[in-house]
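Read the structure below first, then the notes.
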Protein chains: 2
Amino acid sequence: MTDPPSGPRPATSTDVARLAGVSQATVSYVMNDAPGVKISDSTRERVRQAAEQLGYSPHASARTLRKGRSDVVLMPVPDIPVGHLAGRFFRELGRLLRGHGHTLVMYGDTDGRGATAAREWAQWRPAAVLVAADRLTRAGVRQLHAAGVATVVAMGPRPSLLAPTLVFDDYAIGGCAVEHLIARGRRRLGVVVPAEPELAVFAGPRFEGAERAAAARGVAVRRIVLPSDEAGAAEVVAGWDAGERPDGIFAYNDDYAMVLMRVMQDAGLAVPGDVAVVGADDLPLGRLLRPRLTSVRVAGDRSAAQVADRLHQMIVAAEREAGVVLFESSAEIVHRESS
Amino acid sequence: MTDPPSGPRPATSTDVARLAGVSQATVSYVMNDAPGVKISDSTRERVRQAAEQLGYSPHASARTLRKGRSDVVLMPVPDIPVGHLAGRFFRELGRLLRGHGHTLVMYGDTDGRGATAAREWAQWRPAAVLVAADRLTRAGVRQLHAAGVATVVAMGPRPSLLAPTLVFDDYAIGGCAVEHLIARGRRRLGVVVPAEPELAVFAGPRFEGAERAAAARGVAVRRIVLPSDEAGAAEVVAGWDAGERPDGIFAYNDDYAMVLMRVMQDAGLAVPGDVAVVGADDLPLGRLLRPRLTSVRVAGDRSAAQVADRLHQMIVAAEREAGVVLFESSAEIVHRESS
DNA sequence: ACGTATCACTTATACGTATAAACTTTGTAT
DNA sequence: ATACAAAGTTTATACGTATAAGTGATACGT
């Protein structure tokens, strides 16, 4: 009654049924290997061949509408730069979830949070939503559950009170670096906080973790706000008094560490003689520098499989306990020459 | 008759209609600002308030089913590592498309191609598909069009014969680097081809572009297969005869260039004295090295807006001419100290 | 011979939306 | 007064699927 006819349309289950000489229901049963329904092998085969011949692929939206939920694991990602570890982790996760019949979808959304954002995510009736912990509110989680989302999973540096969490422990990274510096005999510690505001989500916890570890050993840390460009960083370093200059610095990550090392060396400071430097993320490039860069390695690659399995279970069982840790990254120091 | 009742369900347009005291059709007309349909302002307002009160958000799948196509721009991405430029470009593109009412969805799929892959993408009835040129076949494109996909857009180093293309010109990158090296007086040229097979898609064109530019000037280039790890790279360099050693190398990208520079320096070769090195992608880190790394910058950031606008037009008009270039990246040399 | 299982299907229906078509008011020209 | 248009709304329907419920067969035990 409505649509303009537009040439050849994609095949539907009804088309397949007609070609195979069976009913549409039978096609559906065959395609989904419906348990508890008996279909003879000959019919099964005929349906399969007809589907193949027509290039049939079920209409995802129709299926979602009928079932009330899709097989999508929705991952709303705003403008946050995806780091080295996280990128690998999610690529792997996507591959594994696919094996369980789910589809990981990265959805470039606005940076809203709470119920408003949840409403937008809910449109897709995803099986699960995987999102930064600080974008969830109680009302938002409730809304998602009401929309049939089986499980909401948070991601953040600490277990969320609202949902099970993938803990990417940025506190531990800072702590690990500082403990290493102290063990190497450094006492005038500095911790880099990137001047770039979009990194604040990660930088806050790393700094706090460093601060806490230092406090536990009776050492103070100094906050160093550092821009990522060479000139800006040089200015910061030039402003240091010889007496007050730190003798050990955790540089937030390897990128900032490399810039920092460069400008310190150009300013005549010896690394690690005058100042020890520790980065994080263990980028391959860090090993090319002289001195080779000490870094905090964040492990997690392996665990993507565990997370995928667990997530699948949770979707099937519609588990929604909050405060549970589904995954926890571990931090360990990789000691090289810069510290 | 079918579904188990499961607590509070998300609000539907019918719920909104009931609360506002109108019919479901009216709600739909109001929510979509349907042109050619008159609704009084008072009713409009009542519907809007009811929708707000119930937290109504339309069921994306139901809408897709009814309309025959969704507002999704599907971007199937296999395991290819997303580079610096491409990452920024697509993030920006997503943001802009959203402004036009589309949703960019990155879909982590298998690495199939042709009609089989197309069938999988077609399940979602996307408005457009944005995919690597070499995954398209004529049959695949036909299948997508049949599924109501308004436009198929290819991405690759050359305009595709099957669909309009976003040209990320890797040939030009290689050419640009080699021309620079020749202009600097180098004649024994080498071009790095990464040993890692997943980079072959990009490496092939960069090498060919380099080869062609060299041939045009009567210079030969030598292919250097280089692994990305330091030890492996050192072995390659150690194998060079003093006489045959290249005096100018295009190193595929900045990452490989940095490794190469490192191992060459450690082997006692002077850069650029003995060997000039050119990278690509203009990573910030390259500027930190000594000598600072010369690189080929790939411009494109700006044009995301143009691409978004054009893509929107194409979706609306269902344009499908092949051989058209929607976007072309440009390569230019950034000369620093390594060459 | 008759009821009853089991098998192998088919029929009918609902999911939530968009939209053509029908319908009721109300206003306006003849 | 009557026709007729315009405004504002409702009714009815289709999109493609999954699945509960129904329908004929055929087999089997007594």
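Scope of the values below: all heavy atoms of this structure, side chains included, with no hydrogens, waters or symmetry mates. Chain A is the first sequence line, chain B the second, and so forth, proteins listed ahead of strands; every chain is numbered from 1.
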What pairs of residues pass the side chain to side chain donor-acceptor pair (under 3.5 Å) test when at least one of them lies in residues 126-144 of chain B, not counting sequence neighbours?
D109(B)-R135(B)

Taking P10(B) as the fixed residue, which of Q123(A), R125(A), H145(A) is the one that meets the side-chain contact (heavy atoms from CB on, under 4.5 Å) rule?
R125(A)

My understanding is that only one of V77(A), L166(A), T151(A), V152(A) makes a side-chain contact (heavy atoms from CB on, under 4.5 Å) with L130(A); could you say which?
L166(A)

Could you state the atom-to-atom distance from CZ of R9(A) to C1' of dG16(D) in whole Å?
11 Å

From dT17(D), dT19(D), dT10(D), pick the nucleotide closest to the side chain of K67(A)?
dT19(D)

Atom CG of L65(B) and atom P of dA14(D): how far apart are they, to the nearest Å?
13 Å

When you measure from the side chain of T43(A) to the backbone of I39(A), do you find a donor-acceptor pair of N or O atoms at a distance under 3.5 Å?
no

OP1 or OP2 of dC15(D) under 4.0 Å from side-chain N/O of T64(B):
no

Could you check whether D33(B) pairs with K38(B) (Lys NZ or Arg NE/NH1/NH2 to Asp/Glu carboxylate O, under 4.0 Å)?
no

Just the rounded figure in Å: distance from C1' of dG16(C) to OH of Y56(B).
8 Å

For a quick test of reading the model, state the closest non-hydrogen atom pair linking L326(B) to P164(B) and the distance between them.
CG-CB, 4.1 Å

Test item: T165(B) side-chain N/O and V167(B) main-chain N/O as donor-acceptor pair under 3.5 Å:
no

Checking R98(A), R95(A), R91(A), M75(A) against L104(A) for side-chain contact (heavy atoms from CB on, under 4.5 Å), the one that qualifies is M75(A)

Strictly below 4.0 Å, heavy-atom distances to any atom of DNA chain C: list the hits from residues 30-40 of chain A, or just say none.
K38(A), I39(A), S40(A)

Would you tell me if any nitrogen or oxygen in the side chain of T12(B) comes within less than 4.0 Å of OP1 or OP2 on dG16(C)?
no

Has the side chain of S57(A) got a donor or acceptor atom that lies under 3.5 Å from a matching backbone atom of E120(B)?
no

Check: dA7(D) base within 3.5 Å donor-acceptor of Y29(B) side chain
no

Can you find a side chain N or O atom of S13(B) that sits less than 4.0 Å from OP1 or OP2 on dG16(C)?
no

Axis-to-axis angle across the helix from dA1(C)-dT30(D) to dT30(C)-dA1(D), five pairs an end, to 10 degrees?
60°

List the residues meeting side-chain hydrogen bond (donor to acceptor under 3.5 Å, both in side chains) with R63(B), not counting sequence neighbours, and say none if there are none.
N32(B)

May I ask you to verify if any side-chain N or O of S28(B) is less than 4.0 angstrom from the OP1 or OP2 atom of dT19(C)?
no

I'd like to know if R158(B) and E328(B) make a salt bridge, using a cut-off of under 4.0 Å between side-chain N and carboxylate O.
no

Would you say T43(A) places a side-chain N or O within less than 4.0 Å of OP1 or OP2 belonging to dC9(C)?
yes

For the pair Y107(A) and W124(A), evaluate side-chain contact (heavy atoms from CB on, under 4.5 Å) and give the outcome as yes or no after the intermediate values.
CA-CA 11 Å; Y107(A) 175 83; W124(A) 300 94; 3.5 Å; yes

Nucleotide dG16(C), atom C1' - distance to NE2 of H59(A) in whole Å
13 Å

Using 0.5 Å steps for rounding, measure from the OG1 atom of T26(B) to the CZ atom of R44(B).
10.5 Å

Phosphate contact (dA14(C) OP1 or OP2) by R66(A) side-chain N/O below 4.0 Å:
no

Could you state the atom-to-atom distance from CZ of R18(B) to C1' of dG16(C) in whole Å?
13 Å

Contact list for DNA chain D against residues 119-129 of chain B - heavy-atom distance below 4.0 Å
none

Where along residues 44-55 of chain B does a heavy atom come under 4.0 Å from DNA chain D, residue by residue in number order?
none

Which sits closer to the 5' end of DNA chain C, Q24(B) or V22(A), going by the nucleotide each is nearest to?
V22(A)

Decide if the gap between the ring center of F89(A) and the ring center of F327(A) is smaller than 6.0 angstrom.
yes

